[in-house]
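Heads up: the structure comes next, in C-alpha cells.
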Amino acid sequence: KAGVTQTPRYLIKTRGQQVTLSCSPISGHRSVSWYQQTPGQGLQFLFEYFSETQRNKGNFPGRFSGRQFSNSRSEMNVSTLELGDSALYLCASSTNYNEQFFGPGTRLTVL
Amino acid sequence: GQQVMQIPQYQHVQEGEDFTTYCNSSTTLSNIQWYKQRPGGHPVFLIQLVKSGEVKKQKRLTFQFGEAKKNSSLHITATQTTDVGTYFCVAYGGATNKLIFGTGTLLAVQP
C-alpha cells in the first residue's frame with residue numbers, strides 16, 4: 001500500500017503570495033489532517049477533513065484554508081503569506097479516529 | 001477550550017535511565033494515540049489506547065490510559081540512544097470528538 005504523499009516537498013515563496021499544498025492519503029482513508037511544525041511552536045494542528053467536510057479546526061487565522069475532494073485528496077491553501085508561515089507542513093491520513101499515517105511534509109520558506 | 005497538557009516539555013537522561021511523559025486532559029477522552037518523531041523525520045504511530053485503565057507494552061515502552069480517561073502516560077525503561085525524539089499524544093475527546101493535540105516531549109539521551 002502506498003503511503004501518504006505530499007507535493008511539493010519544498011517551496012519558496014515571498015511575502016504576500018499565496019500557496020497551495022497537496023496531500024494524497026493512503027487508499028481507503030477518508031480522514032486527512034494538516035499540521036504546521038516550527039522549531040519554536042512545535043507541531044500544531046491546522047484542520048481535519050473527513051468525507052469532504054471540515055470536522056476539526058485548530059487556532060489558525062482565516063488565511064489558512066483547506067478542502068478535500070471526493071477521492072479524499074486534500075489541499076491546503078495559505079493566502080497573503082507572512083514570514084512566520086515558514087514551516088514544515090505535514091498531512092496525515094487515517095480511516096476514522098484511528099492511527100494517523102504522516103506524509104513526509106512540505107517545507108515552505110517565505111522570504 | 002479543550003487542551004491536552006503534556007509534561008515535561010524536555011527531558012535529558014543518561015542512557016539506561018527510565019523516562020516518562022504524561023498527557024493530561026481537562027475532559028474525558030474517547031481514545032488517545034502516541035507518536036514518536038525522530039529529528040528530521042515525520043511522526044510515526046506507536047499505540048492507541050481506548051479502554052479505561054488500559055495498559056499496553058511494546059518491548060521497553062509501557063503505555064497507560066487513566067481510569068477516568070483523562071490522562072495517559074508513556075514510560076520507557078532503560079532508555080537507549082535510539083529513543084531520542086519527540087513523543088506526543090493525540091486524542092479525540094468531548095461531545096464532538098474533537099481532535100486534541102499534546103505539545104510533545106523532546107527526549108535527549110546521552111550515551
Side-chain angles (χ1 to χ4, degrees), chain A residues 1-7 9-10 21 23-26 29-51 53-60 66 68 74 87-108, chain B residues 1-11 21 23 25 27-51 54 56 58 63 65 69 72 85-108:
Chain A
K1 210 184 233 187
V4 177
T5 57
Q6 291 186 245
T7 57
R9 293 293 312 277
Y10 302 91
L21 312 181
C23 173
S24 292
I26 290 173
H29 286 191
R30 294 163 66 186
S31 167
V32 174
S33 299
W34 287 90
Y35 302 86
Q36 181 195 65
Q37 187 169 41
T38 59
Q41 298 293 322
L43 199 61
Q44 296 188 87
F45 171 68
L46 281 155
F47 28 67
E48 181 204 9
Y49 285 86
F50 183 82
S51 292
T53 300
Q54 189 180 85
R55 184 163 70 174
N56 281 288
K57 189 177 186 304
N59 297 320
F60 277 79
Q68 187 179 34
S74 178
L88 180 67
Y89 290 89
L90 292 161
C91 85
S93 76
S94 71
T95 50
N96 189 21
Y97 299 128
N98 291 314
E99 172 185 355
Q100 295 190 61
F101 294 83
F102 283 79
T106 294
R107 172 76 62 186
L108 172 65
Chain B
Q2 281 178 280
Q3 295 183 56
V4 171
M5 301 302 295
Q6 190 168 354
I7 54 171
Q9 285 189 318
Y10 173 78
Q11 181 109 43
T21 175
C23 280
S25 169
T27 57
T28 303
L29 304 172
S30 299
N31 66 37
I32 194 160
Q33 301 165 4
W34 285 92
Y35 292 79
K36 175 185 177 182
Q37 184 176 18
R38 293 181 187 272
H42 58 268
V44 175
F45 176 80
L46 294 175
I47 205 90
Q48 176 168 284
L49 304 170
V50 179
K51 299 177 185 176
E54 190 170 13
K56 287 188 177 181
Q58 288 179 355
F63 304 84
F65 202 8
K69 298 183 75 173
S72 179
T86 300
Y87 294 85
F88 57 90
C89 59
V90 179
Y92 287 93
T96 58
N97 236 3
K98 191 172 181 62
L99 186 68
I100 311 165
F101 217 79
T103 49
T105 296
L106 174 59
L107 172 64

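Only a predicted model underlies this, so the values are computations on that prediction, with no experimental measurement involved. A note on names: the letters A, B, ... follow the listed sequences, proteins ahead of strands, and every chain is numbered from 1.
Looking at A:Phe101, neither its backbone nor its side chain comes within 4.5 Å of chain B, counting heavy atoms on both sides. Interface residue A:Gln37: only side-chain heavy atoms are found under 4.5 Å from chain B. Only the side chain of A:Leu90 comes within contact range of chain B, judged by heavy atoms closer than 4.5 Å. Using a 4.5 Å cut-off between heavy atoms, B:Val50 makes no contact with chain A at all.
Considering all non-hydrogen atoms of both residues, A:Asn98 and B:Gln33 come closest at O-NE2, 3.0 Å. The shortest heavy-atom contact between A:Glu48 and A:Phe45 is N-CZ, 3.5 Å.
Scored by the salt bridge (Lys or Arg N to Asp or Glu O under 4.0 Å) test, B:Lys56 finds B:Glu54 as partners (sequence neighbours excluded).
Panel note: side chain B:Thr105, backbone B:Pro8; a donor-acceptor pair is recorded below 3.5 Å.
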